[in-house]
Peer 1: 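Here it is, the structure, as structure tokens.
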Amino acid sequence: MPRSLLVRNADLLVTMDGERPEIAGGGLYAEGGRIVSVGKADELPQTADEVLDLSGHIVIPGLINTHHHMYQSLTRAVPAAQDAELFGWLKTLYPLWAGLTPEMIHVSTQTAMAELILSGCTTSSDHLYIYPNGCRLDDALEAADDIGMRFHAARGSMSVGESKGGLPPDSVVEDEAAILKETQRLIEAYHDPAPLSMRRIVVAPCSPFSVSTGLMRDSAALARSYGVSLHTHLAENDNDIAYSRQMFGKTPAEYVEDLGWVGPDVWHAHCVHLDDHGINLFGRTGTGVAHCPCSNMRLASGIAPIGRMRAAGIPVGLGVDGSASNDGGHMLGEARQAMLLQRVKYGPDAMSARTALEIATLGGAKVLGRDDIGALAPGMACDFAAFDLSAPAFAGGLHDPLAALIFCSPEQVSFSIINGRVVVREGQLETIDLSALTRRHNRLAGDLANKAG
């Protein structure tokens, strides 16, 4: 019989299912990583292999991170890049990233995942697009296995260097035939399309300013021949728009439409400056957007029109983006920031706490092309996070615990369960030695900086 888990007595269990029921005194029962039943104590089995009494906690579906660059946790707050916009920031950091090693990829991936898991995130995508010194996506995949995170690993790439009009230095770009061959290898070796899958591969050329139109087309054909998703950056800031117009004679939306990079199997990061045509196109085709509010503020890229996107039918999820353009990876904090940033430009009712949580859960699931995560309901993956409502940050806000979770200062989880497995218990990560990992990470970050001079 599959290992079973019983959760009971949560002060509030937020399902995000159907009409979004919120169950006082709620719980759930799961077997083999799949939820069997959800409800109050008398509606659930009374025994299980593991029983968690979550009195005093709020339980929510695991948060879903749709855009990240985990290796960038090695280059947070680099002085020369602290006050730059996107293109200047990238040009400053490319030389540092050229020194990455396989060990650095593994350790930075686990560090970023630990930060995410402790913030309530149970599923993450990661966009790794630079592969110097023998680095491979396999290094990140192994790290995810060890820590126990549900993972959508995006095989990124850069093929157009400065000598051909691209942004990255020639030293960090790859041959396009080799990119496609390696991406195919990864799909065949690692991609698991089954329900409740812990590992999926995504085809992800980095951006319009670092790959050719040919690679974009070939990548789309490869992805669709295997039934995997497509991901890239788009319309992030004014320079991004200007580059697209100068190099391709098109807006970013026109460019991706011409290349076939639209549809429910595609999602684009940022889209801060997506125009009316782009919003209508993405809504009509079901093309997703990863909204990264903290990064967009950090690099002064602007405020994405999330309300208009959602009204047009665009699937929108949240992304913490790279740990060097956000300098943090707190998914609950990202949801809070998404809510606040929309209000800055569009008014106090532009986004509610419940909408922010919906984008961070169901929105992310739809963007990633999944119908088995993002809600707590029978048949869904047993992925959830529990927050201790006795924390000082929530004091005075318990008349609406769900709103308090988003409005108040972001807290770390008390429990995190991924695929029915307790990964965080009483605030402590159980799958890896976090102190040792952090020490190793800081040493490698120092090595990387010293190597770049």
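Computed from heavy atoms alone, side chains included, the values below leave out hydrogens, waters and symmetry copies. No experiment lies behind these values; they were computed from the predicted model shown. All residue numbers in this chain count up from 1 along the given sequence.
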Peer 1: Can you list everything that forms a side chain to side chain donor-acceptor pair (under 3.5 Å) with D238? Sequence neighbours excluded, please.
Peer 2: none
Peer 1: Take a 6.0 Å sphere around CZ of R245 and say whether it holds more than 12 heavy atoms from other residues, nucleotides or ligands.
Peer 2: no
Peer 1: Nearest 0.5 Å please: distance from the CD1 atom of I64 over to the CG atom of L362.
Peer 2: 7.5 Å
Peer 1: Given H127, which of H152, H68, H233 fulfils the ring pair (Phe, Tyr, Trp, His ring centres under 6.0 Å) condition?
Peer 2: H233
Peer 1: Should E115 and S73 be marked as a side chain to side chain contact (heavy atoms under 4.5 Å, CB included) after you check the CA-CA gap, both sets of side-chain angles, and the distance that decides it?
Peer 2: CA-CA 10 Å; E115 188 175 14; S73 61; 5.7 Å; no
Peer 1: Keeping the roles fixed (side chain from Q82, backbone from A77), state whether a donor-acceptor pair exists under 3.5 Å.
Peer 2: yes
Peer 1: What are the two closest non-hydrogen atoms of P208 and L234, and how far apart are they?
Peer 2: CG-CD1, 4.1 Å
Peer 1: Is it the case that the side chains of Q184 and Y226 hold a donor-acceptor pair, with the cut-off being a distance below 3.5 Å and no angle test?
Peer 2: yes
Peer 1: Of all the heavy-atom pairs spanning A153 and L141, show the shortest one and how long it is.
Peer 2: CB-CD2, 3.7 Å
Peer 1: Between E176 and S159, does any side-chain donor sit less than 3.5 Å from a side-chain acceptor?
Peer 2: yes
Peer 1: Are the side chain of D170 and the backbone of E162 linked by a donor-acceptor contact shorter than 3.5 Å?
Peer 2: yes
Peer 1: Is any NZ, NE, NH1 or NH2 atom of the basic residue among E43 and K40 found under 4.0 Å from an Asp or Glu carboxylate oxygen of the other?
Peer 2: no
Peer 1: Strictly distance-based, threshold 3.5 Å: is any side-chain N or O of S244 a donor or acceptor partner for the main-chain N or O of K250?
Peer 2: yes
Peer 1: Counting N and O atoms only, with roles assigned by atom type, does the side chain of S157 sit under 3.5 Å from a partner on the main chain of I179, one being a donor and the other an acceptor?
Peer 2: no
Peer 1: Do the side chains of S212 and L215 get nearer than 4.5 Å, heavy atoms only?
Peer 2: yes
Peer 1: On a heavy-atom basis, which atom in Q342 and which in I306 lie closest, and how many Å separate them?
Peer 2: OE1-N, 3.4 Å
Peer 1: Taking distance alone, no hydrogens or angles, what donor-acceptor pairs closer than 3.5 Å link side-chain atoms of residues 410-419 to residues at least two apart or in another chain?
Peer 2:
from : atom 1 : to   : atom 2 : distance (Å)
S414 : OG     : H57  : NE2    : 3.2
N419 : OD1    : R150 : NH2    : 3.2

Peer 1: Where do L368 and T123 land on the side chain to side chain contact (heavy atoms under 4.5 Å, CB included) test, with the steps shown first?
Peer 2: CA-CA 10 Å; L368 295 184; T123 298; 4.0 Å; yes
Peer 1: On a heavy-atom basis, which atom in M331 and which in S119 lie closest, and how many Å separate them?
Peer 2: N-OG, 2.9 Å
Peer 1: For the CG atom of L63 and the NE2 atom of H330, what is their distance to the nearest 0.5 Å?
Peer 2: 9.5 Å
Peer 1: Are side-chain N/O atoms of S301 and N296 paired as donor and acceptor at under 3.5 Å?
Peer 2: no
Peer 1: Crowded around E188 CD? As in, over 12 foreign heavy atoms under 6.0 Å?
Peer 2: yes
Peer 1: Does the pair R34/D372 count as a salt bridge with the N-to-O cut at 4.0 Å?
Peer 2: no
Peer 1: Closer than 3.5 angstrom, by distance alone: can the side chain of H441 be matched with the main-chain N or O of V107 as a donor-acceptor pair?
Peer 2: no
Peer 1: Could you check if a side-chain atom of L86 sits within less than 4.5 angstrom of a side-chain atom of N239, using non-hydrogen atoms only?
Peer 2: no
Peer 1: Can you check side chain to side chain contact (heavy atoms under 4.5 Å, CB included) on T15 and I23, steps first, answer last?
Peer 2: CA-CA 8 Å; T15 68; I23 306 172; 4.0 Å; yes
Peer 1: If you look at every heavy atom in D240 and A235, which pair is closest and at what distance?
Peer 2: OD2-N, 3.2 Å
Peer 1: Would you compute the distance between atom CZ of F151 and atom OG of S125 and round it to the nearest 0.5 angstrom?
Peer 2: 7.0 Å
Peer 1: Salt-bridged, E85 to K91, with N to O below 4.0 Å?
Peer 2: no
Peer 1: With L13 as reference, evaluate L54, V59, I60 under the side chain to side chain contact (heavy atoms under 4.5 Å, CB included) test and give the passing residue.
Peer 2: V59
Peer 1: Assess whether side chain to side chain contact (heavy atoms under 4.5 Å, CB included) is satisfied between M216 and V211, documenting all intermediate values.
Peer 2: CA-CA 7 Å; M216 290 288 283; V211 300; 3.8 Å; yes
Peer 1: Between Y255 and W261, is there a side-chain heavy-atom distance shorter than 4.5 Å?
Peer 2: no
Peer 1: Verify the distance criterion only: is there a donor paired with an acceptor across the side chains of E257 and H277 at less than 3.5 Å?
Peer 2: yes
Peer 1: I'd like to know if the side chain of R370 and the backbone of S197 have a donor-acceptor N/O pair within less than 3.5 Å.
Peer 2: yes
Peer 1: Are a donor atom and an acceptor atom from the side chains of S207 and S210 found within less than 3.5 Å of each other?
Peer 2: yes
Peer 1: Please examine the side chains of Q72 and V78, heavy atoms only from C-beta on, and report whether any two atoms are closer than 4.5 Å.
Peer 2: no
Peer 1: Which heavy atom of I35 sits nearest a heavy atom of A381, and at what distance?
Peer 2: CD1-O, 3.6 Å
Peer 1: Are the side chains of P401 and F387 in contact, using a 4.5 Å heavy-atom criterion?
Peer 2: no
Peer 1: Regarding H67 and H231, is there a side-chain donor-to-acceptor distance under 3.5 Å anywhere?
Peer 2: yes
Peer 1: Salt bridge check: are R199 and D145 linked by an N-O gap of less than 4.0 Å?
Peer 2: yes
Peer 1: Spell out, as yes or no, whether a donor-acceptor pair under 3.5 Å connects the side chain of T355 to the backbone of M351.
Peer 2: no
Peer 1: Between R136 and E182, does a salt bridge (charged side-chain N to carboxylate O under 4.0 Å, His left out) hold up when you go through it step by step?
Peer 2: CA-CA 9 Å; R136 300 192 305 167; E182 174 66 359; 5.1 Å; no
Peer 1: So, are R155 and E174 salt-bridged, with charged N and O less than 4.0 Å apart?
Peer 2: yes
Peer 1: Carefully, step by step, assess D83 and R298 under the rule salt bridge (charged side-chain N to carboxylate O under 4.0 Å, His left out).
Peer 2: CA-CA 8 Å; D83 302 317; R298 158 75 148 84; over 6 Å; no
Peer 1: Could you walk me through whether R343 and D349 pass the salt bridge (charged side-chain N to carboxylate O under 4.0 Å, His left out) test, one step at a time?
Peer 2: CA-CA 7 Å; R343 292 178 177 214; D349 60 351; over 6 Å; no
Peer 1: I'd like to know if the side chain of D400 and the backbone of A403 have a donor-acceptor N/O pair within less than 3.5 Å.
Peer 2: yes
Peer 1: So do L332 and I406 actually touch side chain to side chain, heavy atoms under 4.5 Å?
Peer 2: yes
Peer 1: Which residue in the set D265, V367, V266, I314 passes side chain to side chain contact (heavy atoms under 4.5 Å, CB included) when paired with T287?
Peer 2: V266
Peer 1: Are any non-hydrogen side-chain atoms of V424 and I117 less than 4.5 angstrom apart?
Peer 2: yes
Peer 1: Would you check if the side chain of R200 reaches a backbone N or O of M198 as a donor-acceptor pair within less than 3.5 Å?
Peer 2: no
Peer 1: Do N237 and L299 come close enough that some side-chain heavy atom pair is under 4.5 Å?
Peer 2: no
Peer 1: Any luck finding a side-chain donor-acceptor pair between N326 and S295 under 3.5 Å?
Peer 2: no
Peer 1: Under a 3.5 Å distance rule, please check whether E254 uses its side chain to pair with a backbone N or O of T251 as donor and acceptor.
Peer 2: yes
Peer 1: Do W97 and T75 get their side chains close enough for a donor-acceptor pair, meaning under 3.5 Å?
Peer 2: yes
Peer 1: Go through the side-chain N and O atoms of Y190 and D138 and say whether any donor and acceptor fall under 3.5 Å apart.
Peer 2: yes
